[in-house]
2 protein chains.
Amino acid sequence: MKIAILGGTGSIGEGFAVRWSGKHEISVCSREADRAVKAADEYTMALLEKGLVCCGITGCTNEVGIKDVDVVVLSVPYQGVVELLKSLAPCFKDQIVISLVVPMEKNKWFKYSPPKQGSAALEIKDILPKSVKVVSAYHNISAKKLAIPDLVLDYDVVVCGDDEDAKKVVMELTKEIKNLRPLDGGDLGCSSMIESLTPFLINLAIRNRLSDLGVKFL
Amino acid sequence: MKIAILGGTGSIGEGFAVRWSGKHEISVCSREADRAVKAADEYTMALLEKGLVCCGITGCTNEVGIKDVDVVVLSVPYQGVVELLKSLAPCFKDQIVISLVVPMEKNKWFKYSPPKQGSAALEIKDILPKSVKVVSAYHNISAKKLAIPDLVLDYDVVVCGDDEDAKKVVMELTKEIKNLRPLDGGDLGCSSMIESLTPFLINLAIRNRLSDLGVKFL
């Protein structure tokens, strides 16, 4: 498959690029092509140094990256995502868009602060063309751990979405990352629960002096 | 310590009785003394048959059980809890009250439906005398698994409360149940998050054909 990673120069973006590059063509996307190309080269070098297979990681602008891909990973902060997607909306056709976006505020502690639609995923669905299939997933995976390509991740990934086929694609992509277990979290209306887990996990980590917490249901 | 279990004849109540009876005096409480005594005898017999130590499990009415105990476990359904606690409020002094209560509705799926205070724990705090210390915990532990006294429970228990000493007592009680790890979840205002995990876990279990799900943060 062809996968474009928006926010691909950030740490969680790096994780997906290195994890999926063994089987898929990856476009690392950024507002600036130079930064994207530089990041793509770095990820490729890191994989080659580890002796890992890489089908190709290229860097490009968001506009170029989105076109003609199967999956777009939206690994960008909530702040600015609405503006970004409105400007990119004409580039979308019928891609699967995976939203990792979590709207949260920080005072002393982190707090989930969803938009009026009820979750970031639903807000994103509202902005993009109706033919785009939004799937919500990977909110609670440590960027640091994901970016280590051979580290086994013994976590669960709850996947929400209204399009069952798109959800299945994301669940299969999840299984390709060693030991991640995808779980069906229901439709996109259920996304608020998994989005809200993120500030909860961050607070829990701070309070209990833990770090990079993920979750496992057993 | 002396521990009274309200809703002690139900499955999650049974679990706490058999798990803590090795070190503490347990009162299994019910509206009807007969039912409570019968349940207490059954739990004691089951422990003795397994050759496990038991400091004493007795059965009594809610009113009798609450008096002169250190800890009251509130393992009752949300429906009716307000009425129950209003009637029992005069029996409370300065006990630690552990709320396992989860307000939820069921249509096709389970949905968290907190009262106006924001969570069941905050509503319960409002009803009881100010000297009572409400702690919120154990919402996501399987009743079935807890009731098997020698089964290792490799789960996390997030504990919320406004009184740090009371929270510590509950965290120590948690450690007495093999492999449960207590985690500090913050003040009682944070209880809504752990309460809302319960309907989420039930839905997740149904959707993915799993059962008795607990949670582990790692």
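The figures here come from the full heavy-atom set of this structure, side chains too, leaving out hydrogens, waters and symmetry mates. Chain letters run A, B, ... following the sequence lines, proteins first and then strands; every chain starts at 1.
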*If you count the non-hydrogen atoms of other residues, nucleotides and ligands that lie under 6.0 Å from CE in Met45(A), is the total more than 12?*
no
_Which portion of Leu210(A) sits near chain B, non-hydrogen atoms under 4.5 angstrom_ = side chain
_In the structure I gave you, are the side-chain heavy atoms of Leu218(A) and Leu213(B) within less than 4.5 Å of one another anywhere?_
no
Donor-acceptor pairs under 3.5 Å, chain B versus chain A:
from: Tyr155(B); atom 1: OH; to: Leu218(A); atom 2: O; distance (Å): 3.2
from: Asp184(B); atom 1: N; to: Asn208(A); atom 2: OD1; distance (Å): 2.8
from: Asp184(B); atom 1: O; to: Asn208(A); atom 2: ND2; distance (Å): 2.9
from: Gly185(B); atom 1: O; to: Arg207(A); atom 2: NH1; distance (Å): 3.4
from: Arg207(B); atom 1: NH1; to: Gly185(A); atom 2: O; distance (Å): 3.4
from: Asn208(B); atom 1: OD1; to: Asp184(A); atom 2: N; distance (Å): 2.7
from: Asn208(B); atom 1: ND2; to: Asp184(A); atom 2: O; distance (Å): 2.9
from: Gly214(B); atom 1: N; to: Leu218(A); atom 2: O; distance (Å): 2.6
from: Gly214(B); atom 1: O; to: Leu218(A); atom 2: N; distance (Å): 3.0
from: Lys216(B); atom 1: N; to: Lys216(A); atom 2: O; distance (Å): 2.9
from: Lys216(B); atom 1: O; to: Lys216(A); atom 2: N; distance (Å): 2.9
from: Leu218(B); atom 1: N; to: Gly214(A); atom 2: O; distance (Å): 3.1
from: Leu218(B); atom 1: O; to: Tyr155(A); atom 2: OH; distance (Å): 3.2
from: Leu218(B); atom 1: O; to: Gly214(A); atom 2: N; distance (Å): 2.6

*Please state whether the side chain, the backbone, both or neither of Leu197(A) comes within less than 4.5 Å of a heavy atom of chain B.*
both
*Could you note down all residue pairs passing ring-ring contact (aromatic ring centres under 6.0 Å, His included) where residues 192-213 of chain A supplies at least one of them, sequence neighbours left out?*
Phe200(A)-Phe217(B)
